[in-house]
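In what follows, a single structure is set out as structure tokens and then discussed.
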Amino acid sequence: MAAERALAMATCTAPVNIAVIKYWGKRDTDLILPINSSLSVTLHQDQLKTTTTAAASRDFTEDRLWLNGAEVDVGQPRVQACLREVRRLARKRRGGSEDAATLSLLSYKVHIASENNFPTAAGLASSAAGYACLVSALARLYGVEDELSEVARRGSGSACRSMWGGFVQWQRGERPDGTDSLAHQVAPETHWPELRVLVLVVSGQKKPVASTAGMQTSVETSPLLKHRAEVVVPERLAQMMRHIRERDFEGFGQLAMRDSNQFHATCLDTFPPIFYLNDLSRHIIALAHRYNAHHGHTKVAYTFDAGPNAVIFALADTVDEFVEVVRRSFPPAANGDQ
């Protein structure tokens with residue numbers, strides 16, 4: 001048995017999620033507890049995903065981590081928090097049993113390789129997919145079947161939402177230890193089959209202000225963010241869940257755009273201000289509003305996370321026409337021939 005367990009390996013994939021009611025700001029930076037609840041849409045893995053392989057071997061002399069082919073620091077506190085928590089759950093699950101193979105596996109060092117098939121740290125939720133995938137791969141490696149969104153949250157707050165498909169709420173929670181700050185599915189991926197998502201990649205460059213640093217500066221300096229978390233978001237969450245439940249695209253789209261705009265307004269209200277959108281982002285916003293005005297109702301809706309790249313929601317019968325509008329508005333010659 002010991003020889004069979006000399007090397008154990010597990011591979012998982014995890015999706016990107018895009019928040020339609022945004023998370024921005026922590027009330028506890030160690031446990032990654034948010035100042036408000038949030039709501040997201042999980043994207044299909046055919047287009048955007050992270051793939052992570054975790055291996056444990058008695059021959060490994062140290063823990064190591066590779067991201068997109070380049071070795072990175074495995075000692076990052078958030079990576080270590082995820083490793084520590086999954087290993088703790090594995091030991092707890094065994095309940096002190098003398099399963100020699102499992103005990104050996106937990107004593108081995110791990111090598112982890114993670115690959116994104118989309119730009120990293122560019123406002124496309126790479127950390128959400130990345131940490132969700134890391135935790136899932138480690139859990140599979142060690143045979144852990146517990147509720148894992150709390151563990152994923154320790155890596156990146158929004159990662160807890162990537163543990164589920166469909167429409168997902170991350171609850172703020174009230175407990176200081178974070179045990180009630182979890183993600184849960186509010187509607188499955190089959191709930192709204194006509195809903196489509198387009199990702200308009202404005203820039204694949206790493207953003208100038210990382211989300212972690214940016215949101216904490218906002219917490220410290222933005223009165224608008226405090227008002228948003230305490231007054232605006234609770235009402236919007238209830239409205240958005242109703243729009244999703246009723247498959248009301250007009251309501252869903254308008255609220256998604258308003259919430260995106262307010263999130264970026266809190267970035268501007270931060271001191272010094274944070275600029276995640278660029279001129280091309282603003283052109284896309286204007287294009288969406290012109291397109292909707294032309295049709296007399298909301299046919300497309302944009303949202304932007306902490307980066308310049310646009311995520312567009314539309315119903316299936318709108319996609320082809322709007323893609324053509326985008327192509328004509330941003331010709332390939334001016335768009336890197338993409």
Quick one: do R87 and D63 make a salt bridge, cutoff under 4.0 Å? yes
Taking 4.0 angstrom as the limit, do E150 and R154 come out as a salt bridge? no
Decide whether [X] and [Y] meet the rule of one side-chain donor and one side-chain acceptor closer than 3.5 Å.
| X | Y | result |
| --- | --- | --- |
| N17 | S162 | yes |
| K207 | S203 | no |
| E147 | H184 | no |

Taking the side chain from [X] and the backbone from [Y], do they hold a donor-acceptor pair closer than 3.5 Å?
| X | Y | answer |
| --- | --- | --- |
| R153 | L31 | yes |
| Q216 | K26 | yes |
| N292 | V300 | yes |
| T221 | F271 | yes |
| S329 | V325 | yes |
| D305 | G307 | no |
| D180 | E174 | yes |
| T51 | E115 | no |
| R172 | I35 | yes |
| S40 | R161 | no |

Using the rule that Ile, Leu, Val, Met, Phe, Trp and Tyr join whenever any side-chain heavy atoms are under 4.5 Å apart, tell me whether [X] and [Y] fall into a single cluster.
| X | Y | value |
| --- | --- | --- |
| V201 | Y276 | no |
| Y108 | V144 | yes |
| V72 | L134 | yes |
| V319 | V326 | yes |
| F249 | V41 | yes |

Any heavy-atom pair between the side chains of [Y] and [X] that's under 4.5 Å?
| X | Y | answer |
| --- | --- | --- |
| Q169 | L182 | no |
| L198 | V323 | yes |
| S181 | Q171 | no |
| S281 | F304 | yes |
| E250 | H243 | no |
| Y23 | L39 | no |
| W170 | S37 | no |
| F330 | I284 | yes |

Answer with yes or no after comparing the ring centroid distance for F322 and Y291 against a 6.0 Å cut-off, counting only values under it. yes
Under 6.0 Å between ring centres: does that hold for H289 and Y302?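 When the ring centroids of H289 and Y302 are compared, they turn out to be within the sub-6.0 Å range.
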How long is the straight-line distance from [atom2] of [Y] back to [atom1] of [X], given to the nearest 0.5 Å?
| X | Y | atom1 | atom2 | answer |
| --- | --- | --- | --- | --- |
| C133 | M163 | SG | CE | 9.0 Å |
| L200 | I312 | CG | CD1 | 5.0 Å |
| L255 | T298 | CG | OG1 | 11.0 Å |

What is the minimum heavy-atom distance between [X] and [Y], and which atoms define it?
| X | Y | result |
| --- | --- | --- |
| R27 | R175 | NH2-O, 3.8 Å |
| A183 | C160 | CB-O, 3.2 Å |
| Y131 | S156 | CD1-CB, 3.6 Å |
| S211 | A306 | OG-CB, 3.6 Å |
| T190 | P193 | O-CD, 3.5 Å |
| T42 | V168 | OG1-CG2, 3.8 Å |

Check step by step if side-chain contact (heavy atoms from CB on, under 4.5 Å) holds for V199 and V16. CA-CA 11 Å; V199 179; V16 166; over 6 Å; no
Among pairs that include at least one residue of residues 44-73, which meet ring-ring contact (aromatic ring centres under 6.0 Å, His included), considering only residues two or more places apart or in two chains? F60-H111, W66-H111
Check against side-chain contact (heavy atoms from CB on, under 4.5 Å), R196 and F313: CA-CA 6 Å; R196 298 290 185 271; F313 294 101; over 6 Å; no
Return the set of residues passing side-chain hydrogen bond (donor to acceptor under 3.5 Å, both in side chains) with Q47 (not counting sequence neighbours), or none when no residue passes. none
Please list every donor-acceptor pair under 3.5 Å in which a side-chain atom of residues 224-238 meets a protein atom from a residue at least two apart or in another chain.
residue, atom, partner, partner atom, Å
K226, NZ, E230, OE1, 3.3
K226, NZ, E230, OE2, 2.9
R228, NH1, D259, OD1, 2.8
R228, NH1, Q262, OE1, 2.9
R228, NH2, K22, O, 3.1
R228, NH2, D259, OD1, 3.4
R228, NH2, D259, OD2, 2.9
E235, OE2, Q239, NE2, 3.4
R236, NH1, D259, OD1, 3.0

